[in-house]
Amino acid sequence: MAGLVGATAAALTPEKAAAQAPAGSLLRTVLDRGKLIVGTGSTNAPWHFENEQGQLVGMDITMGRILAKGLFDDENKVEFVRQDAAQRIPNITTGKVDIVIQFMTMTPQRAQLVAFSRPYYVEGIALLTRPDAANKTFDQLLAGGRNTKVAILQNVDAEKSVHQVLPEAQVMQIDAQANVIQALESRRADAAAVDLSTVRWLVARNPNRYADAGKKWYSMLYGAAMRQGDLDWLNFVNTTFSVAMYGHQNDLYDKAFKDYFGLDAPGRTPGFPSI
């Protein structure tokens, strides 16, 4: 209790925090401005998309609101700048946005251009199937051998990716993600190899139409991107994400995880750190 009382007594207002932040840090700039500016997309559910009311929602949008809540105790003090994926790094390096939160895969090559936050999601490949299909689980697809047909978005690693887990399957490379899923729906394919988040989103929304085969692989980290050379801003973002994902201020993160992936966020167990 002494720790809790001490923390409450020493709580900083945004104004006091701004006074202590170095003048050259974006942290001070954002606090002085009174709002956060986030670069993101608007066309990729469940990460960033418009709901039926035309509001921008999604897991990336929630991560931006979590930062605004940490900065101003108000999740609405954030401006979202809609941008194409190709604009993610340029808009950071030119200062058009404070941070990019746009399902950005972390790589060593990109880390030479921007500073990444801690990961807030581990993406992967998963298998979407039909709940009414005879072969809808991974074990059934594997047992099907050469008779199993898997649709996947056309790319140089498509066949290799599928054969990592289904070595005998027929791989159908298709030109667009929507057509990959259409191949499954029309029964031309037994499974669609798509992003894990896409499988979770579709199954959560349409359990009578889609099923999760129960296999995921090929881990990729999603992180927020910031301009390099600002340790105070990077530390703030990392701390805020950590508290939302693993600490006590997790209401926004947990609700989004349930809304967009149909799952409860993993439980936090006091004691030995799991982060």
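Bear in mind that the values here come from a model prediction, so they are computed numbers and not experimental data.
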J.: Count I, L, V, M, F, W, Y as connected when their side-chain heavy atoms are under 4.5 Å apart, and connections chain through other members. Are Ile89 and Val81 then in the same cluster?
T.: yes
J.: Hey, does the side chain of Asn238 reach the backbone of Ser117 with a donor-acceptor pair shorter than 3.5 angstrom?
T.: no
J.: Looking at Trp47, Phe257, Tyr210, Phe49, which one forms a ring-ring contact (aromatic ring centres under 6.0 Å, His included) with Trp201?
T.: Phe49
J.: Mind checking the CG-OG1 spacing from Leu221 to Thr107? Nearest 0.5 Å is all I need.
T.: 10.5 Å
J.: Salt bridge check, Arg130 against Glu185: does any charged N sit closer than 4.0 Å to a carboxylate O?
T.: no
J.: Same cluster for Val100 and Leu27 if Ile/Leu/Val/Met/Phe/Trp/Tyr side chains link at under 4.5 Å?
T.: no
J.: Provide the closest heavy-atom pair for Gly64 versus Leu36 in the form atom of the first, atom of the second, distance.
T.: O-CD2, 3.7 Å
J.: Hey, could you give me the CG/CD1 distance between Leu184 and Ile174, rounded to the nearest 0.5 Å?
T.: 10.0 Å
J.: Atom CD1 of Ile37 and atom CG of Leu26: how far apart are they, to the nearest 0.5 Å?
T.: 9.0 Å
J.: Do Leu202 and Asp212 come close enough that some side-chain heavy atom pair is under 4.5 Å?
T.: no
J.: Show your reasoning for whether side-chain contact (heavy atoms from CB on, under 4.5 Å) applies to Leu71 and Leu31.
T.: CA-CA 7 Å; Leu71 287 161; Leu31 289 168; 4.0 Å; yes
J.: How long is the straight-line distance from OG of Ser219 back to CD1 of Ile125, given to the nearest 0.5 Å?
T.: 10.0 Å
J.: Between Met226 and Val114, is a side-chain contact (heavy atoms from CB on, under 4.5 Å) present by the stated rule, with each step listed?
T.: CA-CA 6 Å; Met226 292 154 277; Val114 295; over 6 Å; no
J.: When you measure from the side chain of Trp233 to the backbone of Ile99, do you find a donor-acceptor pair of N or O atoms at a distance under 3.5 Å?
T.: no
J.: For Ser242 and Arg118, does a side-chain donor sit closer than 3.5 Å to a side-chain acceptor?
T.: yes
J.: Can you confirm whether or not the ring centre of Phe80 sits under 6.0 Å from the ring centre of His48?
T.: no
J.: So does Arg187 pair up with Asp132, basic N to acidic O under 4.0 Å?
T.: yes
J.: May I ask you to decide if Gly247's main-chain N or O and Asn250's side chain share a donor-acceptor pair within less than 3.5 Å?
T.: yes
J.: Begin from the C-alpha positions of Asp254 and Arg268 and carry the test salt bridge (charged side-chain N to carboxylate O under 4.0 Å, His left out) through to its verdict.
T.: CA-CA 11 Å; Asp254 286 7; Arg268 291 90 177 172; 2.8 Å; yes
J.: For residues Gln102 and Gln83, is any side-chain donor paired with an opposing acceptor at under 3.5 Å?
T.: yes
J.: Taking Asn206 for the side chain and Asn208 for the main chain, is one N or O donor matched with an acceptor at less than 3.5 Å?
T.: no
J.: So which atom in Ala191 and which in Leu127 form the shortest heavy-atom distance, rounded to 0.1 Å?
T.: CB-CD2, 4.3 Å
J.: Give a yes or no on this: more than 12 heavy atoms of other residues, nucleotides or ligands lie within 6.0 Å of atom CD of Gln53.
T.: yes
J.: May I ask you to decide if Val194's main-chain N or O and Thr198's side chain share a donor-acceptor pair within less than 3.5 Å?
T.: no
J.: With a 3.5 Å distance limit and no angle check, can you tell me whether Tyr260 reaches the backbone of Gly58 through a side-chain donor-acceptor pair?
T.: yes
J.: If hydrophobic clusters are built by linking Ile, Leu, Val, Met, Phe, Trp and Tyr wherever their side-chain heavy atoms come under 4.5 Å apart, do Met104 and Leu113 end up in the same one?
T.: yes
J.: Could you tell me whether the side chain of Glu79 reaches within less than 4.5 Å of the side chain of Val38, counting heavy atoms only?
T.: no
J.: Return the minimal non-hydrogen interatomic distance between Ser197 and Glu123, and the atom names on each side.
T.: OG-OE2, 2.6 Å
J.: Report the distance from atom CG of Asp60 to atom CG of Asn44, rounding to the nearest 0.5 Å.
T.: 9.0 Å
J.: To check you understand the geometry: which heavy-atom pair defines the closest contact between Val165 and Leu142, and what is its length?
T.: O-CD1, 3.7 Å
J.: Do you know the tightest heavy-atom contact between Met172 and Arg188?
T.: SD-O, 3.5 Å
J.: Would you call the rings of Tyr222 and Tyr120 parallel, tilted or perpendicular, where under 30° means parallel and over 60° means perpendicular?
T.: tilted
J.: Examine Tyr246 and Val237 and state if one hydrophobic cluster contains both, with Ile, Leu, Val, Met, Phe, Trp and Tyr joined whenever side-chain heavy atoms are less than 4.5 Å apart.
T.: yes
J.: Of all heavy-atom pairs between Ser42 and Arg82, which one has the smallest distance, and what is that distance?
T.: CB-NH1, 3.6 Å
J.: Quick one, Asp251 with Lys255, criterion salt bridge (charged side-chain N to carboxylate O under 4.0 Å, His left out). Give me CA distance, side-chain angles, the key distance, then yes/no.
T.: CA-CA 6 Å; Asp251 52 331; Lys255 183 179 185 303; over 6 Å; no
J.: Take Phe138 and Thr129, measure what side-chain contact (heavy atoms from CB on, under 4.5 Å) needs, and give me the verdict at the end.
T.: CA-CA 9 Å; Phe138 173 72; Thr129 57; over 6 Å; no
J.: About how many Å separate NZ of Lys136 and CG of Leu141, when rounded to the nearest 0.5 Å?
T.: 11.5 Å
J.: Show the numbers, then the answer: is there a salt bridge (charged side-chain N to carboxylate O under 4.0 Å, His left out) between Lys215 and Asp139?
T.: CA-CA 9 Å; Lys215 181 67 175 180; Asp139 288 342; over 6 Å; no
J.: Under 3.5 Å, is there a donor-acceptor pair between the side chain of Arg110 and the main chain of Thr105?
T.: yes
J.: Walk me through whether Asp230 and Ser25 qualify under side-chain hydrogen bond (donor to acceptor under 3.5 Å, both in side chains).
T.: CA-CA 6 Å; Asp230 192 339; Ser25 175; 3.0 Å; yes
J.: Would Tyr253 and Phe241 count as a side-chain contact (heavy atoms from CB on, under 4.5 Å) here? Give the steps.
T.: CA-CA 9 Å; Tyr253 186 88; Phe241 280 5; over 6 Å; no
J.: Tell me if a side-chain donor or acceptor on Asp84 pairs with a main-chain N or O of Ala86 at a distance below 3.5 Å.
T.: no
J.: Using 4.0 Å as the upper bound for N to carboxylate O, is an ion pair formed by Lys258 and Asp264?
T.: yes
J.: Verify the cluster assignment for Val203 and Val150: are they in a single hydrophobic cluster under the rule of side-chain heavy atoms below 4.5 Å apart?
T.: no
J.: Please tell me whether Asn51 and Gln55 have a donor and an acceptor in their side chains that are separated by less than 3.5 angstrom.
T.: yes
J.: Between Lys69 and Asp73, does any side-chain N to carboxylate O distance fall below 4.0 Å?
T.: yes
